[in-house]
2 protein chains.
Amino acid sequence: MDEQPASADRRARPSGRDAKRAARAARAASSVPYITRAIPIFEVLGEEGLAIIERNADTILEEIGIVFRDDPEALQVWRDAGADVRGESVHFPRGMCRSIVQRSAPREFTQHARNPARSVHIGGRNTVFAPAYGSPFIHNLDEGRRYATIEDFRNFVKLAYMSNALHHSGGTICEPVDLPVNKRHLDMVYSHLKYSDKALMGSVTAPERAADSVEMARLAFGSELTDPLTGRPKTMLISLINVNSPLTYDATMLGALKVYARANQATIVTPFILSGAMSPVTVAGTAAQTLGEALAGMAFAQLINPGAPVVLGSFASSLSMQSGAPTFGTPEPALVLYTMSALARRLGVPFRSGGSLCAAKIPDAQAAFESAQTLLPTCLGGVNFVLHTAGWLEGGLAMGYEKFVMDVDQAGMMHTLLAGVDLSESGQAMDALREVGPGGHFLGCAHTQANFENAFYRSPIADNNSYEQWLAEGSLDLAQRANASWKRQLQEYVPPPLDPAVDEALLDFMRQRKDAFPDSNV
Amino acid sequence: MDEQPASADRRARPSGRDAKRAARAARAASSVPYITRAIPIFEVLGEEGLAIIERNADTILEEIGIVFRDDPEALQVWRDAGADVRGESVHFPRGMCRSIVQRSAPREFTQHARNPARSVHIGGRNTVFAPAYGSPFIHNLDEGRRYATIEDFRNFVKLAYMSNALHHSGGTICEPVDLPVNKRHLDMVYSHLKYSDKALMGSVTAPERAADSVEMARLAFGSELTDPLTGRPKTMLISLINVNSPLTYDATMLGALKVYARANQATIVTPFILSGAMSPVTVAGTAAQTLGEALAGMAFAQLINPGAPVVLGSFASSLSMQSGAPTFGTPEPALVLYTMSALARRLGVPFRSGGSLCAAKIPDAQAAFESAQTLLPTCLGGVNFVLHTAGWLEGGLAMGYEKFVMDVDQAGMMHTLLAGVDLSESGQAMDALREVGPGGHFLGCAHTQANFENAFYRSPIADNNSYEQWLAEGSLDLAQRANASWKRQLQEYVPPPLDPAVDEALLDFMRQRKDAFPDSNV
């Protein structure tokens, strides 16, 4: 009569339940190298709306132009391609960038992992989850917020490696600020290769660091450096090229982009936009600008090396117009995401956006609301490469240990959601309905007994018990349960196999590079 | 380079910011009587899948049948309509229930509020948000969890009245357990009519209590009891008729349904299902059963009074197969929701489902994740009437004060999301892009200055400030900020106008009814 499901029948709980819960959750989250969706992609705009935004992007590229700063080579490339270069400002005939991209950029591509079973396919109906990226701080319940170290970095690589819900090891999961700026990329790339066997991202903070990343990947992959399917160099790295929005590429990012493109490594060309600061305060304006900027960068990569994998990226949040602070999990960025995803599909390139973004400083309800309001649009909108899937706190300033565990749980649920509705005979379950009939109970019926183990997604950290039992177990909140989880996982970590000769080659390379020039924090 | 939006420009914060923030948030959440969506509805199944489920529902109705318990009149109604009645079990020729519903049930209808500006239109592209329903307990940060009282009930009616994001006053928001069971419905209906002017729900715990609800609504609406558009009695109440799943209607619910249908009041016929207990452990099986059960109940209402408004309801959660406890915010119920919503549209009746459901005992990150993973599917899936939009905790056992405030904030965001992308000239914002150009900043441009007030949804409780400022303000989490919010709102509450003669008539009626029989807790 009243809606009180908690009054439903309950069975006695099995003993040793924590162990069983963990084991079952592990089984339930089937270990797939990436998600291939079985449900449709959600669209917010139709043909007419998308065409308006494409037309506006072309107007931006033609009339307003894109600045390629401090990179004469880039300007010459554009001159040779037929663009109108005025100083550092490049103006593109309508449709030029689109046609360059569509001529050679792959619609989908494989990013190889050093463990081939973990290679990911980026594009199409696939979704790849990677951890958060770029935080100088970490946060956990024991220490609060402090600067991140290489030890934290290794911890997150290990946690991402152990998670069935994450498909990728990511890149600068957190900044190891205890290491010099000009050498820490070596330790980061090494940590990914050593403590995980999932695919990884390269450094983008300087062209020579990008080159180091490529070289270390080559050492890890050994002699198999050609993709047998494409005949091109294997794509072993995917790396994040952020645009200096509005409408500007700087020499650092262009330098890294060129290194990766020439080596046939993938780049994610991402206008990084806080609407109201780097773009207009509207969804349609932000989308047109994002598309224009990304088109110029992706086309540039294709001019450098036709066929090099590129991903259209969109990072868009809104400013609080009172305080100037970025906000997350609000509706406008979700609308940008759905719109940009559709534009990427029309263009014919993979799409990166979303994640589990939040402005919250701690893993509280704000963090959860904001993250869910980003991750679910990410998944329904058909994002192919999801940076920031797990750990993000405080607008990206902090990587949270408990937040990581909570986000991984949500990412696990997304596997089930994107698998859609089972319409097999067992999925239709008519036998169960016939067996039980009016007024009966389904717990004991044959169909339930045959299917209950994997019937529903099981969260390893959610508490669904009675109030009394929850009280008896210490009235813990989700963050406290997540705290116990990451500590247990780090204790249980077992590294993936790595050929000792490869390990030694990587260490040799790092030593040699570190000895080649003095430490610097620039 | 790294993704650290928090390093973006920030403006100095205005003083008196709390007051300004509240005022702006109030302005931003435009006060609409209900939402009319401008974005598409998300679908997970195509024609083929939906047809399979419809066929299975027909098989359930024909072969397995529905029990109408302890209600000889109902059995006679079905016999007269041509169904095959065996004992209390009714078997329906294929397509019979569907054709009865489609013959007379309105596709959409208006539920009138005593303030005509707040009447809601249920069905079509509209979404109506109502508070949670049915909790015996309340929860807040000051007192923890305790039994609810009529004072709590009044508080929640006031909070729902003050919220622009909620369109409806709801029904049994919490159980006033300090009042006798057989009379508390009078105080609940009176509280809705007295402390709010939004539309409300009637009692369903006994036919005579349903009749009391109708009578009190008539007193409140005065002489204008006929809908000028339809020529039928005004629909002033919408009430929740839960099916005793699997496949059983009991006399209590049938009694209330008959009272409301005869008075042309709306009923929400809702199979209340925890998959694994009351239905098979699959999405497709649960959907077929839900459709079959709801079809039988809605068809019954049409046989009682052709044209009486009915809503297809679906409440589906999954059992934890370890503990037997219900879980919320998991992917399977979202898939059921999308599926049932599509089936309701195919049938041609309004749809009720979703809300801000959670199993969490407290307003922590679990509560937020689970609620968001229910409310966003609710909105994307096109639910027309959303019970449990705000306040729900602990599987519906507790109504949370802080949870209410948090959920209302999320419901506010859904208004912006469902409004979609502004493609007007101002929405395209090409002037802003031309004015600012490469490397510029949009904060000061004319377009931003003209639009910043209402550019983005503004949460009144989210904290987007710097870590340092957040620390200085006491390191509050979202629940603590929500705690301050509901207390302030209750202090600021001003009741809507109510004709003193109407108030007196309502009080007279209540006195008379309360004096007519002794108190009872049955």
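Naming: A, B, ... by sequence-line order, numbering from 1 per chain. Both backbone and side-chain heavy atoms feed into the values below; hydrogens, waters and symmetry mates do not.
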Colleague: Pick from A:A365, A:C445, A:A455: which one has the most heavy-atom pairs with chain B under 4.5 Å?
Modeller: A:A365
Colleague: Non-hydrogen atoms of chain A under 4.5 Å away: do they reach the side chain of B:F137, the backbone, both or neither?
Modeller: neither
Colleague: Just verifying a value: how many Å separate A:S426 OG and A:N451 CG, rounded to the nearest 0.5 Å?
Modeller: 4.0 Å
Colleague: Examine whether an atom of A:L433 lies under 4.5 Å from a heavy atom of chain B, and if so say whether it belongs to the side chain, the backbone or both; otherwise answer neither.
Modeller: both
Colleague: Supply the atom-to-atom distance B:D364 CG to B:E370 CD, rounded to the nearest 0.5 angstrom.
Modeller: 8.5 Å
Colleague: Which word best sums up how the rings of B:F315 and B:F272 line up, parallel for under 30°, tilted for 30 to 60°, or perpendicular for over 60°?
Modeller: parallel
Colleague: Name the member of B:L418, B:I64, B:V283, B:T448 that forms the most heavy-atom pairs with chain A at distances under 4.5 Å.
Modeller: B:I64
Colleague: Counting only heavy atoms closer than 4.5 Å, note whether B:L45 contacts chain A via side chain, backbone, both or neither.
Modeller: side chain
Colleague: Find the one option among A:L423, A:D422, A:T330 whose heavy-atom pairs under 4.5 Å with chain B are most numerous.
Modeller: A:L423
Colleague: When rounded to the nearest 0.5 angstrom, what distance separates OH in B:Y338 from CG in B:L380?
Modeller: 5.0 Å
Colleague: Within a strict 4.5 Å, meaning less than it, do heavy atoms of the B:L274 and A:F442 side chains meet?
Modeller: no
Colleague: Using non-hydrogen atoms and a 4.5 Å limit, figure out which bit of B:P40 sits close to chain A: side chain, backbone, both or neither.
Modeller: both
Colleague: In terms of heavy-atom proximity below 4.5 Å to chain A, should B:R69 be classed as side chain, backbone, both, or neither?
Modeller: neither
Colleague: Among B:L375, B:I39, B:V421, which residue forms the greatest number of heavy-atom pairs with chain A at distances under 4.5 Å?
Modeller: B:V421
Colleague: Please classify the contact of A:E63 with chain B as side chain, backbone, both or neither, using a heavy-atom distance under 4.5 Å.
Modeller: side chain
Colleague: Checking side-chain polar atoms at under 3.5 Å, does A:Q366 have a donor or acceptor matched by the opposite partner on B:R481?
Modeller: yes
Colleague: Give the member of B:P246, B:A284, B:A419 that has the highest number of heavy-atom pairs under 4.5 Å with chain A.
Modeller: B:P246
Colleague: If you count heavy-atom pairs under 4.5 Å with chain A, which of B:A432, B:G427, B:G440 comes out on top?
Modeller: B:G427
Colleague: For chain B, find which of A:L335, A:T286, A:T248 contributes the most heavy-atom pairs closer than 4.5 angstrom.
Modeller: A:L335
Colleague: Using non-hydrogen atoms and a 4.5 Å limit, figure out which bit of B:A479 sits close to chain A: side chain, backbone, both or neither.
Modeller: neither
Colleague: Most heavy-atom pairs under 4.5 angstrom with chain B, which of A:Q410, A:R434, A:M413?
Modeller: A:Q410
Colleague: Could you give the distance from NZ (A:K361) to CG (A:L397), rounded to the nearest 0.5 Å?
Modeller: 9.5 Å
Colleague: B:E48 versus chain A, heavy atoms under 4.5 Å apart: side chain, backbone, both or neither?
Modeller: neither
Colleague: Output the distance between atom CG (B:L357) and atom OG (B:S371), rounded to the nearest 0.5 Å.
Modeller: 7.0 Å
Colleague: Heavy-atom pairs under 4.5 Å with chain B - which of A:I66, A:N56, A:V67, A:L417 has more of them than the others?
Modeller: A:N56
Colleague: If you define the side chain from C-beta out and look only at heavy atoms, does anything of B:L376 sit under 4.5 Å from A:P377?
Modeller: yes
Colleague: Identify which of B:G439, B:A334, B:A359, B:A372 forms the greatest number of heavy-atom pairs closer than 4.5 Å to chain A.
Modeller: B:G439
Colleague: Side chains of A:N464 and B:T327: is there a donor and an acceptor less than 3.5 Å apart?
Modeller: no
Colleague: What residue in A:G65, A:S275, A:A360 has the most heavy-atom pairs under 4.5 Å with chain B?
Modeller: A:S275
Colleague: Distance-only, no hydrogens or angles: does the A:Q480 side chain make a donor-acceptor pair with backbone N or O of A:D477 under 3.5 Å?
Modeller: yes
Colleague: For residues A:E394 and B:Y467, report the shortest heavy-atom separation together with the two atoms involved.
Modeller: OE2-CB, 3.3 Å
